[in-house]
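Protein chains get the first letters and strands the later ones, always in sequence-line order, with residue 1 at the start of each.
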Amino acid sequence: MSVKTRFAPSPTGYLHIGGARTALFNWLFARNQGGTFVLRIEDTDSERSTEESAREIVEAMEWLGLNWDEGPYFQSQRLALYREYVERLLSQGKAYRCYCTKEELEEERKRALSQGKKPRYNRRCLENPPSDRKEFAVRFLCPDEGETVVEDLVKGTVVFKNDELDDLIILRSDGMPTYNFTVVIDDALMGITHVLRGDDHLNNTPRQIQLYRALDLPIPRFGHLPMILGHDRTRLSKRHGAMSVLAYRDMGYLPEAVNNYLVRLGWSFGDQEIFTMEELIEKFSLDNVGTSAGVFNPEKMLWVNHQHLKMSPPEEIARRALPFFRELGVDPSNHPRYVDAVRTLQERSKTLKELAESGLFYFTDGVDIDEGAKKKFLKPSVVPPLTRLVELLKETEPFTEENISRCFEKVMEEFQIKLGKIAQPCRVALTGKTVSPGIFEVIYVLGKEEAVKRLEKGISLIPLDAESPLK
RNA sequence: GGUCCCAUCGUCUAGCGGUCUAGGACAUCGGCCUCUCACGCCGAAAACGGGGGUUCGAGUCCCCCUGGGAUCACCA
């Protein structure tokens, strides 16, 4: 039978790192197996679900490149279906109406907990339902003898005693079904073969298996993935900083880098750290999924991003960096040497955002010179060699990096100075800063006209120093 | 507290009984390269939580302890 997996987030907030990892594993498994991947939005909690969240999740999935073959399905549009199955259980005596109020149940739960006992519904409404109430929820009559065994694809065999399970509510008093019920119906009806999800769901699995049995529906295989923890080793949350997938997009991360980092949190392939998406699809396997929770490490993710930034074709990075340049107020898309500029920035940038920031000088009209840099490098002593360099550059044709380099050599020879002596002042005049890509490539990308213009401007900024003209 | 899961360097991990005086990666610290910053290269420090078994032999299998996490909703 062909594999079918799903990612089923609830739209109660943005797609976070942990959810993305779950989605990724499901997607990779389906792709690796030549199967189908489904996106399903679990929005049966009308209190907390929002369309905005659903849109954002879809947007994040698209950005990550985790394309789905079916969906997105919305559970809120399938309510009639769930009710049908509730009715079925009810008529078969496998579920019953519960008239207890939330307050009463809450009270009992507290009492049980304070006595150190496990809170468990006492089946009051099964045995003698109150006649004076009309609002009810529906509970599943869960078998309380024997055990339920989960043959988990990553955790192995896990056994639960059925008397640990209690009669869970499958239909709320407002008529909305609950998670443990809808997930079973949908996974079964949609033909999901493998349910891969966070291991925080492992405890739900035996109840769901009981539901499958009661409804006589096929039970999928389960695989419970270890959780991703924050630096304090607790469940990931906003407290741990930027956890939204789209936040990483906005910070200039590459989607394949985010995927690459996330997949290595709980999965490995020998010593390999960097993978293309194609490689992941080819190499992914449930056999190599780990069992223990991992701590999210933003520093390593940054490093992974850097690796992908370096290995991507400059044209590709140029395209993706565009929004970040525009954000800074320039639009280099029509610049004849835009791609060349990006090439000079790739290996020294960890994110697209950083790349745009450090490459901004290429595309501005002139350049603002940093005060400190000016003071340190634009000194009277560099005027003669700088002036000579400009002279040489002006007559250089063709204006290639190699020929530019020759101009520097000539100046070094004529003035008996080292490259550093002339390169730094140049850099400051051309980029406004003391840090930039290699000086020859900077001049090349800028082009003769602009480079000369900036150098002359730089020279003009140098104060005449009558005291020590040769120093 | 009950139940369930987990346990190799600070972090992510390799290891699927002998090749482990435990390998790789991030981060850290040295050095080299160099027109700046990076990249790169070389090197250092850094781990099998504890105790019992099983076995000729255990990081690798079993049990206990300890520690961590998750979960016990008319949330998902």
[atom1] spacing across the pair [N] / [M], given as an integer number of angstrom:
{"N": "B:rC9", "M": "B:rU60", "atom1": "P", "answer": "14 Å"}
{"N": "B:rA45", "M": "B:rG10", "atom1": "C1'", "answer": "12 Å"}
{"N": "B:rA14", "M": "B:rU8", "atom1": "P", "answer": "10 Å"}
{"N": "B:rG51", "M": "B:rA46", "atom1": "C1'", "answer": "25 Å"}
{"N": "B:rC62", "M": "B:rA47", "atom1": "P", "answer": "26 Å"}

Verify the contact: side-chain N or O of [X] to OP1 or OP2 of [N], cut-off strictly under 4.0 Å; return yes or no.
{"X": "A:R233", "N": "B:rC12", "value": "yes"}
{"X": "A:T291", "N": "B:rA7", "value": "yes"}
{"X": "A:T44", "N": "B:rA76", "value": "yes"}
{"X": "A:R109", "N": "B:rA73", "value": "yes"}

Taking atom types as they are modelled, is there a donor-acceptor pair under 3.5 Å from the base of B:rA27 to the side chain of A:N297? no
If you go through the side-chain atoms of A:E273, does one of them form a donor-acceptor pair with the base of B:rG24 closer than 3.5 Å?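 For A:E273, whose side chain was compared with the base of B:rG24, there is a donor-acceptor pair (under 3.5 Å).
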Residue pair A:D132 / A:Y99, side-chain donor-acceptor N/O under 3.5 Å: no
Single hit among A:K110, A:R133, A:R109 for salt bridge (Lys or Arg N to Asp or Glu O under 4.0 Å) with A:E104: A:R133
